[in-house]
Amino acid sequence: MPRLSLVVPVYKVQGYLPECLDSLLGQDYTDFEIIAVDDCSPDGSGAILDQYAERDPRIHVIHLTENVGLGHARNAGLEKAQGDYVLFLDSDDTLSDGALAAIADRLEATGDPEILVYDYARTYWDGEVRPNQRADLLRNEGPDVFRLADRPQLLDLLQIVWNKAYRRDFVARTGLTFPRGYYEDAPWTFCSLISAERIAVLDRVCVYYRQRREGGNILKTVSRKHFDVFDQYRRVFDYLDAHAELDQWRAPLFRKMVDHYLTVLERPGRLPQNARAEFFHRAAADYRARLPEGFQRPAGGRGHKYAMLERDAYAAMASATAAVKLRRSVKNRARIAVGRSKRSAVGVFYQSQLRLPLDENLALFSAYWSRSVSCNPAAIDAELARLAPHVRRVWAIRPDAVAQVPEGVEYVRVGSRAYWAAVARAKYLVNNVNFADAVVKRQGQVHLQTHHGTPLKTMGLDQQKYPASTHMDFAKLLERCDRWDYSLSSNRFSTAVWERVYPCSYTSLETGYPRNDVLVNATAQDVRRARAELGLAEGTKAFLYMPTHREYQPGFTPALDLARLADELGPDVTLMMRGHYFYGASPHVAELRRSGRIVDVSGHPRVEELYLAADALITDYSSAMFDYAVLDRPIIVYAPDWDIYSAVRGTYFNLLEEPPGVVATSQAELIRLLGSDEYHGPDATERRAAFRLRFCEFDDGRAAERVVRRVFLGEETPLPFVPFTERSHAPTPDQALALVERA
């Protein structure tokens with residue numbers, strides 16, 4: 001049997017769960033098991049657990065058939081635990097390095113106490129780590145093993161279960177279980193501490209307690225569920241009533257109860273306004289019913305609040321609270337004035353437009369910092385025209401990009417009065433990046449973030465760990481993301497990343513990428529037309545080369561000698577280059593361009609047309625690989641600087657180990673691969689199939705329709721996905737030629 005059993009309840013934590021599990025499996029101490037309880041989580045958490053369990057036999061997964069809540073999920077894990085000790089860990093938190101070894105050593109050194117209490121620290125999105133404010137209570141002062149009566153101040157620690165190791169036979173003997181509802185830690189924590197005969201402490205941070213910026217914390221949830229606190233303390237006092245030998249704890253636990261009730265009342269963002277009086281009266285009733293004989297109220301202002309509860313004087317409490325709010329309001333006036341002055345900098349005209357009603361039938365689109373009409377926003381625009389033609393569609397375009405706007409597309413120049421009017425009054429704002437800081441999110445406006453690629457490189461808050469992002473203001477970034485109502489995703493991998501690195505209160509829409517619909521639905525004629533528009537001759541094999549940007553290079557430095565590559569591959573191959581213009585002065589390259597064997601497609605307005613025309617994709621770390629994989633055509637990864645790129649920018653997986661096809665790390669190797677059948681052989685096909693299954697799972701050709709129906713038409717029931725094995729995709733150029741000839 002394992003020494004330690006770690007019970008990990010799991011619900012809607014797909015963005016944080018891998019980090020939690022990695023912190024456990026990476027411990028140098030190995031004599032433990034993990035009981036992971038999938039509490040019928042609606043996201044990809046259950047699948048993540050199964051993947052980890054396949055790789056490590058210490059992980060045992062329980063999939064509950066209905067959502068039972070945190071407490072009962074812990075009970076389910078507790079029933080399966082086999083270890084001498086049971087530890088609990090919330091699935092968005094992590095263990096510190098060496099934590100389990102330190103815990104095991106301390107248990108042995110103290111002769112297997114019934115409870116070991118260890119320290120924790122709070123971690124924040126910006127990397128800040130704050131120590132436990134009552135860490136002093138865990139100092140090794142006095143006997144190594146003691147009863148709570150010897151150190152009653154331990155009751156003043158946060159009422160949590162995950163900073164303790166519990167001997168399993170002690171848990172069984174006392175009959176401890178977790179109740180339903182909010183604040184379920186209180187009865188377990190108090191009843192276990194007052195019952196234990198042998199307690200020890202470990203003055204070491206073993207748990208990092210994640211403070212989520214949005215969601216995941218009941219303490220930030222406005223709800224009547226906070227009334228559950230009354231049931232939890234009823235359980236505490238029922239336990240006392242059943243154990244006369246513990247009566248000495250009645251007064252200390254009464255104090256903890258009253259302090260907890262006052263905390264719920266005083267903290268903003270917990271109780272609905274219309275429930276505060278009811279909560280106060282119930283708290284007052286508990287106060288009078290459980291008041292211990294001879295109890296002395298605290299001194300000062302805290303004691304005054306106790307007295308108001310004892311008298312059930314809600315009006316007096318409300319008046320005192322209002323006075324405090326008034327003082328805070330006076331202190332905040334200067335800050336509010338500064339905020340107003342900042343908003344006025346946006347412009348008087350914009351401010352005037354913000355006071356006008358929203359136009360319920362106006363949608364403003366933007367893509368790539370308003371440089372083009374393209375990507376997911378363009379595909380949504382087209383589908384919106386089909387399904388909801390009553391909605392007026394306008395694009396925000398930079399003045400220097402106006403010439404690239406397709407004929408018939410309505411647009412406004414960024415910075416113009418028409419632009420600010422549209423930003424202020426449009427019901428819908430659609431973008432694949434963020435709108436400018438000056439844009440105000442109005443009540444009733446709907447912001448749709450489409451993103452512009454599946455992330456291989458780190459994004460959002462994950463960039464804080466890497467040197468390429470030293471210039472970023474992450475607080476400002478999250479303020480921009482706070483405007484999102486919806487975030488699109490083409491796979492569960494992306495959803496988990498977005499929800500972790502952009503921790504804001506939007507809804508994730510797993511629809512597929514609208515821009516990829518054409519890669520599924522395009523016909524042979526569409527493929528032929530795309531090739532003809534690029535001047536690709538019949539029988540020509542076309543490779544599309546799409547390198548990504550490198551933050552550590554001041555400008556574009558070509559990693560591939562296209563002229564040499566074209567010579568090596570011969571006259572029947574055309575290379576399409578999408579990237580920065582380069583090699584302009586070379587007569588040899590100029591001749592290759594004139595012959596059509598190198599085609600500069602950097603300025604092509606629709607990359608999807610390039611995908612349709614290409615026989616294969618050559619790329620390095622670009623998100624193009626995830627989109628091109630929808631076509632199920634060969635992908636060649638050319639990664640000569642993987643070590644540098646992954647170290648400087650950071651990546652979510654090792655592309656050299658999990659590629660969508662063959663990999664070359666030198667030009668000579670690339671030439672060899674392209675000159676052989678290996679790049680489209682069985683090994684490459686097998687890798688591409690696994691890649692497609694993981695990253696193209698929602699791209700079935702109806703993504704744009706899903707988005708329009710949900711966001712613009714308000715339909716809650718999503719379109720079903722075409723099963724992956726039944727999906728089609730656009731024909732290859734060879735297939736398209738054969739189909740056209742047969743027709």
Side-chain angles (χ1 to χ4, degrees), residues 353-354 356-368 370 372-397 405-406 408-412 418-435 439-452 480-490 494-495 498 502 504-518 520-521 606 608 698-722:
Q353 294 297 303
L354 289 171
L356 297 176
L358 288 175
D359 185 338
E360 297 290 325
N361 293 315
L362 175 61
L364 181 67
F365 291 84
S366 177
Y368 297 116
S370 298
S372 63
V373 176
S374 61
C375 193
N376 292 315
I380 295 169
D381 176 342
E383 187 66 11
L384 185 62
R386 184 179 77 87
L387 291 177
H390 61 281
V391 177
R392 178 186 168 206
R393 307 173 331 277
V394 178
W395 279 78
I397 300 294
V405 177
V409 173
E410 184 177 355
Y411 67 90
V412 291
Y419 167 78
W420 287 114
V423 169
R425 303 197 58 196
K427 169 73 173 183
Y428 306 98
L429 285 87
V430 183
N431 208 332
N432 68 355
V433 293
N434 274 310
F435 284 94
V439 172
V440 175
K441 170 69 179 296
R442 293 184 62 179
Q443 181 80 23
Q445 271 188 329
V446 176
H447 281 235
L448 171 59
Q449 171 59 245
T450 74
H451 303 282
H452 54 274
R480 293 189 288 271
C481 299
D482 281 333
R483 298 181 299 212
W484 301 356
D485 292 287
Y486 297 102
S487 167
L488 295 195
S489 175
S490 61
S494 293
T495 307
W498 301 147
Y502 304 121
C504 305
S505 55
Y506 51 81
T507 298
S508 294
L509 296 183
E510 294 183 324
T511 59
Y513 266 170
R515 71 184 183 194
N516 290 342
D517 287 349
V518 66
V520 178
N521 301 322
R606 294 197 65 200
E608 297 81 16
F698 302 137
D699 285 320
D700 67 349
R702 302 188 71 182
E705 183 179 356
R706 286 190 186 91
V707 173
V708 171
R709 291 190 179 279
R710 174 66 187 276
V711 176
F712 296 87
L713 302 181
E715 298 180 9
E716 292 292 331
T717 303
L719 295 173
F721 289 100
V722 177

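In this chain, numbering begins with 1 at the start of the sequence shown.
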Pair Ser489-Ser494, side-chain donor/acceptor within less than 3.5 Å: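 On atom types as modelled, these side chains do not qualify, holding no pair under 3.5 Å.
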CA sep, side-chain torsions, deciding dist, call: Leu509, Val711, side-chain contact (heavy atoms from CB on, under 4.5 Å): CA-CA 10 Å; Leu509 296 183; Val711 176; 3.7 Å; yes
If we check side chain to side chain contact (heavy atoms under 4.5 Å, CB included) with [X], which of these qualifies: [options]?
X	options	result
Thr495	Ser490, Ser487, Ser508	Ser508
Arg393	Asn361, Leu384, Leu362, Val430	Leu384
Arg710	Thr717, Thr511, Thr507	Thr507
Ile397	Val409, Val373, Val412	Val373

Tell me whether [X] contacts the main-chain N or O of [Y] through its side chain, where contact means a donor paired with an acceptor under 3.5 Å.
X	Y	answer
Asp381	Phe365	no
Lys427	Val446	no
Asp485	Leu448	no
Arg483	Val440	no
Arg392	Asp359	no
Glu608	Asn516	no
Gln449	Val433	yes
Asp699	Tyr513	yes

Test side-chain contact (heavy atoms from CB on, under 4.5 Å) on Ile380 and Val708 and set out the steps. CA-CA 7 Å; Ile380 295 169; Val708 171; 4.2 Å; yes
Looking at [atom1] of [X] and [atom2] of [Y], how far apart are the two atoms once the value is rounded to the nearest 0.5 Å?
X	Y	atom1	atom2	result
Arg515	Asn432	CZ	CG	8.0 Å
Trp395	Ser372	CH2	OG	7.0 Å
Leu354	Gln443	CG	CD	13.0 Å

For Lys441 and Asp482, run side-chain contact (heavy atoms from CB on, under 4.5 Å): C-alpha distance rounded to whole Å, both residues' side-chain angles, the deciding distance at 0.1 Å, then the answer. CA-CA 9 Å; Lys441 170 69 179 296; Asp482 281 333; over 6 Å; no
For His451, the option from Trp484, Tyr506, Tyr368 that meets ring pair (Phe, Tyr, Trp, His ring centres under 6.0 Å):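 Single ring pair (Phe, Tyr, Trp, His ring centres under 6.0 Å) partner of His451 among Trp484, Tyr506, Tyr368: Trp484.
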Given Val707 and Asn376, is the side-chain contact (heavy atoms from CB on, under 4.5 Å) satisfied, shown in steps? CA-CA 10 Å; Val707 173; Asn376 292 315; over 6 Å; no
Any chance you could lay out the salt bridge (Lys or Arg N to Asp or Glu O under 4.0 Å) test for Arg706 and Asp700, step after step, and finish with the verdict? CA-CA 11 Å; Arg706 286 190 186 91; Asp700 67 349; 2.7 Å; yes
